[in-house]
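Structure, as structure tokens:
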Protein chains: 2
Amino acid sequence: MLKISELSARTGLSAHTLRFYEKNGLITASNHSEAGYRFYTDADVRRAEFVKTARNSGFSLEDIGQLLSVRVDKLSHSCQQVTDITQHKLDEVNGKIAELQSLQQTLTILLESCCGGPENATHCSIMEALEEGEFRNNAGRETS
Amino acid sequence: MLKISELSARTGLSAHTLRFYEKNGLITASNHSEAGYRFYTDADVRRAEFVKTARNSGFSLEDIGQLLSVRVDKLSHSCQQVTDITQHKLDEVNGKIAELQSLQQTLTILLESCCGGPENATHCSIMEALEEGEFRNNAGRETS
DNA sequence: GTTGACCTTAGACTCAACTCTAAGGTTTAT
DNA sequence: ATAAACCTTAGAGTTGAGTCTAAGGTCAAC
Ligand SMILES: [Zn+2]
Ligand SMILES: [Zn+2]
Ligand SMILES: [Zn+2]
Ligand SMILES: [Zn+2]
């Protein structure tokens with residue numbers, strides 16, 4: 001039976017976070033002292049570690065809630081339900097990567113066009129590109 | 001002289017957003033009617049378009065504030081200051097991409113290991129991997 | 001028998017960039 | 001002269017995942 005600070009030490013999740021997760025239905029202490037202190041069993045520890053792993057894998061707390069309900073009753077959930085959650089997350093991640101790569105390209109083109117030197121910015125091609133509004137594929141070299 | 005709704009139509013930024021940007025020092029109307037209505041000049045329109053382009057390039061409002069101060073006084077700012085802002089943003093974007101790619105790999109490995117079928121999740125390898133906690137390079141095939 | 005470390009709760013605050021609401025004033029057209 | 005369509009402000013709400021505070025109760029050690 002661990003106190004909250006001990007579970008915190010085991011999992012690396014802060015006591016605050018553990019209480020927050022409890023409020024959100026993810027992790028509950030199986031036992032309580034008379035005074036109301038939380039006491040966590042080994043099963044609680046495993047559940048908390050599962051939550052932490054899932055969180056580190058990028059799942060949202062809502063996703064984790066679903067994964068946990070699979071976990072407590074594997075017989076009435078299917079592999080498909082699990083892959084659905086995972087695939088959905090992967091789609092989301094892929095989407096964000098694509099967005100960021102487009103941004104990356106834009107910024108790279110901007111950077112390549114500017115001399116980056118100590119001269120004043122009167123003819124800075126980054127400024128010109130931002131002024132133009134169209135630069136995703138035509139940022140020219142510094143003029144002058 | 002454009003009213004706020006007209007500037008909104010020109011730029012695609014909502015009137016709400018334009019007022020919000022004003023509160024944050026990005027875009028101000030050069031003129032006002034007696035009753036206090038904002039009236040925007042052509043220069044204001046260009047400034048607003050600059051802000052919009054910068055925003056679409058991924059710059060934060062704070063970054064945009066800095067870019068705008070370069071813009072209004074190019075002589076006392078250098079190309080280097082502009083590249084610093086841009087490079088910093090690019091580093092940030094690259095960092096996020098790397099994080100997401102690591103997530104992407106994790107999720108892909110998880111997905112590849114699971115059959116995704118309608119059978120129950122008793123031996124689901126995604127669940128097992130999350131239970132294990134270590135799966136970034138060793139997620140095995142579904143164990144029957 | 002009290003200090004100090006720990007625990008409890010409810011609820012406020014953080015970040016960023018909006019987004020919306022309430023309550024009211026103005027302009028334009030009919 | 002009145003309704004519709006616009007404008008103003010201050011300020012609250014949204015999102016997600018925490019993070020922190022206040023005000024107090026409990027427990028172990030010395
Ligand atoms: Zn230069
Ligand atoms: Zn430059
Ligand atoms: Zn399966
Ligand atoms: Zn499976």
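Proteins get letters first, then strands, A, B, ... in listed order; numbering begins at 1 in each.
Distances shorter than 4.0 Å separate some side-chain N or O of B:Tyr21 from OP1 or OP2 on C:dC18. Close to C:dA5, at under 4.0 Å from its OP1 or OP2, lies no side-chain N or O of A:Ser5.
Residue B:Ser60 is in sugar-phosphate contact alone, with no base atom involved, counting any heavy-atom pair closer than 4.0 Å across all strands shown. Using a 4.0 Å heavy-atom criterion, one finds that A:Arg55 contacts the sugar-phosphate atoms exclusively.
Residues B:Ile27 and B:Asp44 fail the side-chain proximity criterion, which asks for heavy atoms closer than 4.5 Å. The shortest distance between side-chain heavy atoms of B:Gln87 and B:Asp84 does not fall below 4.5 Å. Using a 4.5 Å heavy-atom cutoff, the side chains of B:Ile64 and B:Arg55 are in contact. A heavy-atom distance below 4.5 Å is not found between the side chains of A:His32 and A:Phe39. The shortest distance between side-chain heavy atoms of B:Cys114 and A:Thr86 does not fall below 4.5 Å.
Using a 4.0 Å cutoff on non-hydrogen atoms, the parts of residues 22-52 of chain B near DNA chain D are B:Gly36, B:Tyr37, B:Arg38, ordered by number.
Looking at B:Glu92 and B:Lys89, a side-chain N of the basic residue comes within less than 4.0 Å of a carboxylate O on the acidic one, giving a salt bridge. Of the charged side-chain nitrogens involved, none lies within less than 4.0 Å of a carboxylate oxygen, so that B:Arg10 and B:Glu49 do not count as a salt-bridged pair.
One can place CD of A:Glu92 at 10 Å from P of D:dG16, the figure rounded to the nearest angstrom. One interatomic measurement links the two molecules: CG of B:Leu61 to P of C:dT19, which rounds to 12 Å at whole-angstrom precision. One interatomic measurement links the two molecules: NZ of B:Lys3 to P of C:dG25, which rounds to 19 Å at whole-angstrom precision. A:Arg19 has its CZ atom 12 Å from the C1' atom of D:dT21, to the nearest Å. Atom-to-atom, CG of A:Leu2 to P of C:dC6 comes out at 15 Å; the value is rounded to the nearest Å. When the P atom of C:dA17 is taken as reference, atom CG of B:Asn56 falls 13 Å away, rounded to whole Å.
Comparing C:dT19, D:dT8, D:dC6 by their nearest atom to the side chain of B:Phe20 picks out C:dT19.
When the local axes at the two ends of the helix from C:dG1-D:dC30 to C:dT30-D:dA1 are compared, using 5 base pairs at each end, they differ in direction by 30° after rounding to 10°.
For the residue pair A:Thr53/A:Asn56, the side-chain donor-acceptor check at 3.5 Å is not satisfied.
When the nearest nucleotides of DNA chain D are assigned to A:Phe59 and A:His16 by heavy-atom distance, the more 5′-ward of the two goes with A:Phe59.
Under a cut-off of 6.0 angstrom, the local environment of CD in B:Gln101 is crowded, with over 12 non-hydrogen atoms contributed by other residues, nucleotides or ligands.
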